[in-house]
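Take a look at the structure set out below.
Sequential numbering from 1 along the given sequence is applied to the chain's residues.
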Amino acid sequence: MNSELLNLARTIAVEAGELAQRRRIEGVEVADHKSSAVDVVTHADRETEAFIRARLADARPGDGFLGEESAAESGTTGLTWVVDPIDGTVNFLYGIPHYAVSIAVVEGEPDPLTWTALAGCVVNPETGEVYSAAAGHGAFLGEERLQVAPAVDLSQALIGTGFGYSADRRAEQGALVARLLPRVRDIRRLGTASLDLCFVAAGRLNGYYERGLNPWDHAAGALVAAEAGARVSGWSGRPATSEFILAAEPTVAEALEQLLTEFHS
Ligand code: LIP
């Protein structure tokens, strides 16, 4: 079942990525602003989500849908598709080739606190990289099985993070990064949470943390990271939610959470 769901997620994510890339080449326009003047949605975001939603409704008519750009819909099968049509919207708007289509399917209520992720796929159409995972079946980049990087001391760790769209939240996040930076190898702010999580899975980052993510930002990437051996959680082992997400090899995850907790106290 999980493999069939993953095959559907992968097929649609690749098609949606081709659409997004075509729209990028044709030129991108802002359709609206959301939580702040720098939190934008493009016409391509909306078009790509509508494409994904239609393909899923055709293939799996009884499933629910939770996407970034359109109204949530509960289903009758106990499964919900959690979709970010273009994660890394600002990168997409500026023509930075680091954005992704993120599609996950979860069982139970569409709430990160309680859902069980069954399958997920994250596609960067600019690089052609297809990250995928089905629960209990491992994580892959294309056909290559992924495994997180071996444990390192935090002082040798390359850590990814991201920042919110409100100035007040960014001030807090910037102050935290300033304290973290001298304690780790370096920081990377790449702009796309789903790919940050996949980079942990691929060993391209030793860890990633962020506050303020939406469910669709992390639903697929978190499963890819977990299936590659990462500990993915919120504070104190609770499920990852908008409050906090951290993904890393378990030893690195423990050390990073301890340091971030120290900074927050
Ligand atoms: C983005 C995330 C990123 C975060 C940005 C934004 P969007 O999602 O992928 O990690 O730092 O603030 O939330 O808005 O491009 O779908």
| field | Val184 and Leu158: CA distance, side-chain angles, deciding distance, side-chain contact (heavy atoms from CB on, under 4.5 Å) verdict | value | CA-CA 7 Å; Val184 296; Leu158 187 62; over 6 Å; no
| Do Leu195 and Tyr99 come close enough that some side-chain heavy atom pair is under 4.5 Å? | no
| query | With a 4.0 Å cut-off, would you call Glu227 and Arg145 a salt bridge? | reply | no
| said: Given 3.5 Å as the limit, does a donor-acceptor pair link the side chain of Ser236 with the main chain of Arg238, or not? | reply: no
| message | My understanding is that only one of Arg53, Lys34, Arg46 makes a salt bridge (charged side-chain N to carboxylate O under 4.0 Å, His left out) with Glu68; could you say which? | response | Lys34
| query | Can we say Arg55 and Glu15 salt-bridge, meaning some charged N sits less than 4.0 Å from an Asp/Glu carboxylate O? | reply | yes
| said: Counting C-beta onward and ignoring hydrogens, is there a side-chain heavy-atom pair between His264 and Phe244 closer than 4.5 Å? | reply: no
| query | Taking it one step at a time, do Arg189 and Phe163 satisfy side-chain contact (heavy atoms from CB on, under 4.5 Å)? | reply | CA-CA 8 Å; Arg189 196 290 195 254; Phe163 308 126; 3.6 Å; yes
| request: Decide yes or no for Arg211 and Leu176: does some side-chain heavy atom of the first lie under 4.5 Å from some side-chain heavy atom of the second? | output: no
| said: Determine whether Trp235 and Thr261 satisfy the following criterion, side-chain contact (heavy atoms from CB on, under 4.5 Å), listing intermediate values before the conclusion. | reply: CA-CA 9 Å; Trp235 293 115; Thr261 302; 3.5 Å; yes
| message | With a 4.5 Å cut-off on side-chain heavy atoms, are Val40 and Asp32 touching? | response | no
| query | Is the closest basic N to carboxylate O distance between Glu172 and Arg179 below 4.0 Å? | reply | no
| message | Between Asn7 and Glu4 (side chain of the first, backbone of the second, donor and acceptor by atom type, cut-off under 3.5 Å), is there such a pair? | response | no
| query | Less than 4.5 Å apart, any side-chain heavy atom of Glu210 and any of Leu246? | reply | no
| query | Does any donor atom in the side chain of Arg185 or Ser155 lie under 3.5 Å from an acceptor atom in the other side chain? | reply | no
| said: Using a 3.5 Å distance criterion without hydrogens, assess whether the side chain of Glu49 forms a donor-acceptor pair with backbone atoms of Ser70. | reply: yes
| query | Going through the checks in order, is the side-chain contact (heavy atoms from CB on, under 4.5 Å) test met by Leu154 and Arg183? | reply | CA-CA 7 Å; Leu154 213 47; Arg183 307 287 293 272; 5.8 Å; no
| Hey, is CD on Glu26 packed in by over 12 heavy atoms from elsewhere, all under 6.0 Å? | yes
| query | Do any pairs count as a ring pair (Phe, Tyr, Trp, His ring centres under 6.0 Å) and have a residue in residues 195-232, sequence neighbours left out, and if so which ones? | reply | His98-Phe199
| request: With sequence neighbours excluded, give me every ring pair (Phe, Tyr, Trp, His ring centres under 6.0 Å) pair touching residues 19-56. | output: none
| query | Do the non-hydrogen side-chain atoms of Val224 and Leu141 ever get within less than 4.5 Å of each other? | reply | no
| request: Look at Arg231 together with Glu249 and state whether they make a salt bridge at an N to O cut-off of under 4.0 Å. | output: no
| How about Phe263: does its CZ atom have over 12 heavy atoms from other parts shown lying under 6.0 Å from it? | yes
| Is any side-chain heavy atom of Val41 closer than 4.5 Å to a side-chain heavy atom of Val30? | no
| Residues forming a side-chain hydrogen bond (donor to acceptor under 3.5 Å, both in side chains) with Asp39, sequence neighbours excluded | Ser35
| query | When you measure from the side chain of Gln173 to the backbone N and O of Gly164, does any donor-acceptor pair fall under 3.5 Å? | reply | yes
| field | Contacts of Arg24 that satisfy salt bridge (charged side-chain N to carboxylate O under 4.0 Å, His left out) - sequence neighbours left out | value | none
| request: With sequence neighbours excluded, give me every side chain to side chain donor-acceptor pair (under 3.5 Å) pair touching residues 80-89. | output: Asp45-Thr89, Asp63-Trp81, Asp87-Ser194
| said: Tell me whether Glu47 at atom CD has more than 12 heavy atoms from other residues, nucleotides or ligands lying less than 6.0 Å away. | reply: yes
| request: Find out whether Tyr131 and Asn124 are in side-chain contact, i.e. whether some heavy atom of one side chain is under 4.5 Å from a heavy atom of the other. | output: no
| task | May I ask you to decide if Tyr165's main-chain N or O and Ser36's side chain share a donor-acceptor pair within less than 3.5 Å? | result | yes
| message | Side chains of Asp168 and Ser166: any donor to acceptor distance under 3.5 Å? | response | no
| Residue Glu262 excluded, over 12 heavy atoms near CD under 6.0 Å | yes
Donor-acceptor pairs are to be reported for all side-chain atoms of residues 104-123 against protein atoms at under 3.5 Å, with residues two or more places apart or in another chain.
residue	atom	partner	partner atom	Å
Asp111	OD1	Leu113	N	2.8
Thr114	OG1	Asp111	O	3.4

